[in-house]
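Below: one structure, written as structure tokens.
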Number of protein chains: 2
Amino acid sequence: MATIKDVARRAQVSTATVSYVLNGTGAVTEATRQRVLAAVKALNYHPHHAARSLRTRARTLGLVLPAGSPGLADPALAELVAGLADGAAALDYCLLLASAGLETLEAELALELVATNRVDGLVLLDPRVDDARVARLAAAGAPCVCAGPPVAPECPALGYDFEGGALEATRHLLALGHRRIALIALPSDLAASEPFTEGYLQALNCAGLAPDPALVVEAGTTEDDGITAMQELLALPEPPTAVLAAGDALAFGAMHAMRDAGLAAGRDLSLIGMGDLPLAAHTDPPLTTLRAPRRTLGRALARLLALLVERRDGAAPDALLRLPLIIRHTTAPHPRQG
Amino acid sequence: MATIKDVARRAQVSTATVSYVLNGTGAVTEATRQRVLAAVKALNYHPHHAARSLRTRARTLGLVLPAGSPGLADPALAELVAGLADGAAALDYCLLLASAGLETLEAELALELVATNRVDGLVLLDPRVDDARVARLAAAGAPCVCAGPPVAPECPALGYDFEGGALEATRHLLALGHRRIALIALPSDLAASEPFTEGYLQALNCAGLAPDPALVVEAGTTEDDGITAMQELLALPEPPTAVLAAGDALAFGAMHAMRDAGLAAGRDLSLIGMGDLPLAAHTDPPLTTLRAPRRTLGRALARLLALLVERRDGAAPDALLRLPLIIRHTTAPHPRQG
DNA sequence: GCCATGCGCTTAATCGTTTAACCTGGCAGA
DNA sequence: TCTGCCAGGTTAAACGATTAAGCGCATGGC
């Protein structure tokens, strides 16, 4: 492979000049510039990345994939990653994926990535409240951004407008005439949990309804968790007529539980999910849900992080991303009304 | 950040010794070793990756994501990537994702990644017959592996056993009593197309059936392509009683077209897909399909590529990966029989 | 008693860039 | 004519690792 020296020799200049030309820094005559460029082309020269990042940053953003679990197989995550790669590419960064083995802790690996200078910054997924990872990263001075609600001042965050989404979804159910509206919430240690619940409560409040604690059940995140939660709701003395689930997977589980109880979503009960997974459009009946613009989020996060590592303090986290309500067929007017 | 010099100073040795200790090369007394290790720990030292890869390889595998299109949002690709990241991690490599912008050609970007030494090798997706990309990479001497059937000698390939899979699937249909079995094939420029068709033909052949050219239709890869193809088949004077689709998306389209024609898969016609996308288990009725072990493939590919770049010539491509037939509800005995 | 050997370490060259500091003409202004 | 300055270069010192070569010293074979 040709090095900068080869280029310099061929263009009859010093390596510094070549560097100046290539980086657009320094003052160089047009004639010289052309000679250098010609040499670059002739030798098919590409600057050695490692050598370069010995002096500059690595121009690489890092993402560590959670250990086991679906990981990237989760379509939600996959699309986010696609957005990250996109956004990174747009600013001439690359995206480095590291798999946390079962033994390696996620934060450990992340720290190593920045300590070894493989990446300039990290994006963190699924922040928890008081997330230990961001604490560690922040302590180590590693630039990072969070996908989700803000959890620490050192770590700019960007996520969906869960509160607004839940508000809109709940209002939609209210508009359909429902009064007993249940919430299947995310685990409360997930930072996304609170604002979503907040939006739900606010909608009830606006409608002059007193929230019934029995109607909000904290679940996990999986389909199975949704089943359990729904069963719990159905077993209530006065079960809900509509359900808002804080995740599509939970909603799928809820549909499942309904079916097992001889009930149909969109007929006997209304159901709204969150996320708009690919599957959501294909359930029977298709799920009404809040669409999470994952790709957009990924792009924005990459951009935010890139700006952050470059200290161009345009790194003000953008506005939260709206979660538009996609109305399909699991929502219907309240029976007593329709 | 602490450098190797700091460690050396603290441990009262030269930097070379530190390096030897850390890399396990060279001869060092146990006592010295311990001193060095202690210093490393005390200073929380992590070797600078760029500096290191100035002399060694980057220990990074590259993947360039196709420009537009679903990209990573395609669950099939996502899981493959997850496998790659996994496999890479297992051998202490990382995975670098690069998004080809619309302007940048995929091969161009790939070449640049290895020319700049950002990655040691590349994995190529969806190889076409006589793929221009592998030709370019091979010409440039860039180590690479293909996910799919072999397309060039320089580029070890590893993929699914399409032939065996198609054979098994077709045999299953034959065993159910079907005789007019159609094939919705992939575009013939996709390298995966031929072996799949081959397996299909071979099964017919073994059963003593003459293949009817009208029954094999070359489609694209999308659901829409599947619709078109199925409509074509249904319009035949003597339509098939069973259909083998070379991709789940095609199969979804075929189901769609069937439904539009008032037909139901699993009742009026049998249908088998390929891939076992997450959706496949959730269609109505659930799709019988060949399961592609994508994560496994990803892991194996990463391993293959890592060995290749390390010239440990254990880099013999493994055996093709079996495509087990997952029997769900779109396949049923031939009506006249059952 | 002498030389070859091997151990455990250090010295210094090297990898391919970037960039601060310096140099050199030429030209404007006094 | 002299001074000062600027544009357009060059030189050389980093950056932080790896690694070949060398060095001093004990040991063992002859």
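Proteins get letters first, then strands, A, B, ... in listed order; numbering begins at 1 in each.
- Rounded to an integer number of Å, the gap from CZ of B:Arg9 to P of C:dT10 is 14 Å.
- Among the nucleotides C:dC9, D:dT19, C:dT17, the one closest to any side-chain atom of A:Ala51 is C:dT17.
- Considering only the side chain of B:Thr17, C:dT10 comes nearest among C:dT18, C:dT10, C:dC15.
- Picking from C:dT10, D:dA17, C:dT18 the nucleotide with the shortest atom distance to the side chain of A:Ile4 gives C:dT18.
- Distance, A:Gln34 CD to D:dG9 C1': 17 Å, rounded to whole Å.
- Judged by atom type and distance alone, A:Arg52 does not reach the base of C:dT17 through any side-chain donor-acceptor pair under 3.5 Å.
- In this structure, the separation between CG on A:Leu308 and CG on A:Asp120 is 10.5 Å, given to the nearest 0.5 Å.
- Distance NZ (B:Lys5) to P (C:dT11): 13 Å, rounded to an integer number of Å.
- For the residue pair B:Thr29/B:Thr32, the side-chain donor-acceptor check at 3.5 Å is satisfied.
- Between A:Ser19 and the phosphate of C:dT18, there is a side-chain N or O to OP1/OP2 separation shorter than 4.0 Å.
- One can place CZ of B:Arg59 at 15 Å from C1' of D:dT18, the figure rounded to the nearest angstrom.
- When each of A:Leu113, A:Leu63, A:Leu61 is checked for a side chain to side chain contact (heavy atoms under 4.5 Å, CB included) with A:Leu96, only A:Leu113 meets the rule.
- One atom, CZ of B:Arg57, and another, P of D:dT18, lie 14 Å apart when rounded to the nearest Å.
- Between A:Glu112 and A:Arg118 there is no salt bridge, since none of the side-chain N atoms of the basic residue sits less than 4.0 Å from a carboxylate O of the acidic one.
- Each of A:Glu30 and A:Thr15 lies near DNA chain D, and the nucleotide nearest A:Glu30 is the one positioned closer to the 5' end.
- Spacing between atom NE2 of A:His48 and atom C1' of D:dT18 amounts to 13 Å, rounded to whole angstrom units.
- Remark: B:Ser14 is in phosphate contact with C:dT10, judged by side-chain N or O atoms under 4.0 Å from OP1 or OP2.
- Side-chain nitrogen and oxygen atoms of A:Asn23 include at least one within less than 4.0 Å of the OP1 or OP2 phosphate oxygen of C:dT18.
- Residues A:Arg52 and B:Thr116 have side chains that never bring a donor and an acceptor to within less than 3.5 angstrom of each other.
- Atom NE2 in A:His46 sits roughly 11 Å away from atom P in C:dT17 (whole-Å rounding).
- Taking atom CD on B:Gln12 and atom P on C:dT10, their separation rounds to 10 Å, with Å as the unit.
- Side chain of B:Ala27, nearest nucleotide from C:dT17, C:dG8, C:dA12: C:dG8.
- Scanning atom types as modelled, one donor and one acceptor separated by under 3.5 angstrom connect the side chain of B:Tyr20 and the base of D:dA20.
- DNA chain C is contacted by both B:Thr32 and B:Arg55; B:Thr32 maps to the nucleotide lying nearer its 5′ end (nearest heavy atom per residue).
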